[in-house]
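Quick caveat, the model's predicted, so the values are computed rather than measured. We're numbering straight along the sequence, starting at 1.
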Amino acid sequence: MSYDELYIKSAIRSIADWPEAGVIFRDVTTLFKDPKAMRMVCDAFVQRYMNQPITHIASIDARGFILGSVVAYQLNLPLILIRKKGKLPGDTISQDYSLEYGSAAIEIQTDALEPGAKVLVFDDLIATGGTVLAAISLIRKLGAEVHEVAALIDLPDLMGSQKIQDSNVPVYSLLAYEGL
Ligand SMILES: O=P(O)(O)OC[C@H]1O[C@H](OP(=O)(O)OP(=O)(O)O)[C@H](O)[C@@H]1O
Ligand SMILES: Nc1ncnc2[nH]cnc12
């Protein structure tokens, strides 16, 4: 099934100089408020992944949770949460990273995945790729394999999707914004 790229883009608001000067923030809250756009996006991902050998969906805190959970539900797959530091109870491993506007650390529970799991990583947006690369590192440390990274938006000029592909992980995004 195809999706209407222009319609989806029209549902995403762009805000200049937020959260800091020079960043054009791609605000998906307006997409989440638009059921037609949200359905188009989720259906496109479900269509792509319905017959692929994926065992788990790993979604990234916080915007990645929203799309990842819908797709996991539709595909009847287990949902794994990769969270900002200090939010997950029990045994965790942690990875520091930097992103387009700062630095942070994310964590995964050590019992979230078994060796051999084939994981689809889900986030809303790839900019520098720092966040997704940190998630890939955590998943690999647990002995699992990253099947692909899925994102609604890619900002290719920031080279994140290229860096992810250079680490031998395919990337699939529905939209790209040229420039920042
Ligand atoms: O490719 P990068 O340069 O790493 O940037 C992309 C990340 O930045 C945003 O998350 P943010 O940390 O702002 O968190 P949020 O989802 O909680 O808003 C976005 O949701 C991605 O996870
Ligand atoms: N330009 C941007 N818009 C929204 N989320 C982002 N995360 C990193 N860069 C971003």
Side-chain angles (χ1 to χ4, degrees), residues 1-50 52 54 57-75 77 79-84 87 97-104 106 119-136 146-167 169-180:
M1 195 185 68
S2 62
Y3 56 95
D4 184 342
E5 189 177 328
L6 281 181
Y7 183 81
I8 297 171
K9 265 196 175 171
S10 74
I12 297 168
R13 174 166 58 185
S14 294
I15 300 178
D17 297 323
W18 200 89
E20 58 187 41
V23 174
I24 303 173
F25 191 81
R26 308 299 177 176
D27 179 15
V28 289
T29 61
T30 45
L31 178 126
F32 297 152
K33 266 173 70 183
D34 180 334
K36 180 177 161 190
M38 184 66 172
R39 186 174 295 279
M40 244 181 229
V41 165
C42 294
D43 287 352
F45 284 124
V46 168
Q47 199 68 30
R48 177 173 178 82
Y49 293 111
M50 67 193 317
Q52 295 203 17
I54 296 161
I57 289 185
S59 58
I60 303 181
D61 194 348
R63 284 171 263 155
F65 290 169
I66 295 159
L67 298 173
S69 66
V70 175
V71 176
Y73 172 77
Q74 290 290 352
L75 296 178
L77 286 173
L79 180 69
I80 303 306
L81 303 188
I82 296 180
R83 296 214 61 182
K84 302 264 166 58
K87 298 288 184 184
Y97 64 98
S98 53
L99 71 159
E100 193 185 4
Y101 39 70
S103 59
I106 49 173
V119 183
L120 176 64
V121 173
F122 235 97
D123 207 350
D124 66 318
L125 180 144
I126 299 167
T128 65
T131 309
V132 161
L133 285 165
I136 291 170
V146 180
H147 176 81
E148 186 157 277
V149 170
L152 169 57
I153 299 168
D154 183 25
L155 306 181
D157 293 357
L158 289 174
M159 300 302 291
S161 47
Q162 186 59 53
K163 279 189 226 152
I164 297 162
Q165 281 163 320
D166 291 346
S167 73
V169 177
V171 176
Y172 176 74
S173 61
L174 296 189
L175 307 176
Y177 286 83
E178 308 298 330
L180 297 180

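Here the shortest heavy-atom pairing between Ala62 and Lys84 reads N-NZ, 4.3 Å. Across Ile164 and Gly129, no two heavy atoms sit closer than the pair CD1-CA, 4.4 Å. Ser167 and Ile136 get closest at one heavy-atom pair: OG-CD1, 4.4 Å. Looking at every heavy atom in both residues, Glu178 comes nearest to Pro156 through OE1-CG, 3.9 Å. Closest approach of Ile66 to Ser69, counting heavy atoms only: O-OG, 3.2 Å.
In terms of modelled atom types and a separation under 3.5 Å, the side chain of Thr30 and the main chain of Ala11 share a donor-acceptor contact. The main-chain N or O of Ala176 is found under 3.5 Å from a side-chain atom of Lys9 such that the two form a donor-acceptor pair.
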Could you walk me through whether Ile12 and Tyr177 pass the side-chain contact (heavy atoms from CB on, under 4.5 Å) test, one step at a time?
CA-CA 11 Å; Ile12 297 168; Tyr177 286 83; 3.6 Å; yes
CA sep, side-chain torsions, deciding dist, call: Thr29, Arg13, side-chain contact (heavy atoms from CB on, under 4.5 Å)
CA-CA 8 Å; Thr29 61; Arg13 174 166 58 185; 3.7 Å; yes
May I have the step-by-step check of side-chain contact (heavy atoms from CB on, under 4.5 Å) for Asp61 and Ile106, ending in yes or no?
CA-CA 8 Å; Asp61 194 348; Ile106 49 173; 5.6 Å; no
Which is it for Val121 and Val169 under the side-chain contact (heavy atoms from CB on, under 4.5 Å) test, yes or no, and what are the steps along the way?
CA-CA 10 Å; Val121 173; Val169 177; over 6 Å; no
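Classification of the Phe122-Phe45 ring pair by plane angle, with boundaries at 30° and 60°, yields perpendicular.
In this structure the side chain of Ser59 never reaches within 4.5 angstrom of the side chain of Ile80, judged on heavy atoms. Using a 4.5 Å heavy-atom threshold, the side chains of Ile57 and Tyr49 count as separate. Using a 4.5 Å heavy-atom cutoff, the side chains of Tyr97 and Leu133 are not in contact. Using a 4.5 Å cut-off on side-chain heavy atoms (C-beta onward), Thr131 and Ile82 make no contact. The side-chain heavy atoms of Val28 and Ile153, taken from C-beta on, include a pair separated by under 4.5 Å. Here the side chains of Asp123 and Val149 are not in contact, with every heavy-atom distance at 4.5 Å or above. Taking 4.5 Å as the limit, some side-chain heavy atom of Leu152 sits within range of a side-chain heavy atom of Leu67. The shortest side-chain heavy-atom distance between Glu5 and Leu174 does not fall under the 4.5 Å cut-off.
Around OH of Tyr73, the count of heavy atoms belonging to other residues, nucleotides or ligands within 6.0 Å does not exceed 12.
Once rounded to the nearest 0.5 Å, the distance linking CD of Glu148 with CD of Gln52 reads 6.0 Å. A distance of 11.5 Å separates CD1 of Ile126 from NZ of Lys163, quoted to the nearest 0.5 Å. Between the CZ atom of Phe25 and the CG atom of Asp17 there is a distance of 13.0 Å, given to the nearest 0.5 Å. Put simply, CZ on Arg26 and CG on Leu125 are 8.5 Å apart, with the number rounded to the nearest 0.5 Å. With values rounded to the nearest 0.5 angstrom, Tyr172 atom OH is found 11.5 Å from Leu120 atom CG. In this structure, CE in Met159 is found 7.5 Å from OG in Ser161, a value given to the nearest 0.5 Å.
Side-chain contact annotation: Gln47 with Asp43, donor-acceptor N/O pair under 3.5 Å absent.
Remark: of the listed residues Asp124, Ile8, Val71, Ile8 is the sole one forming a side chain to side chain contact (heavy atoms under 4.5 Å, CB included) with Val41.
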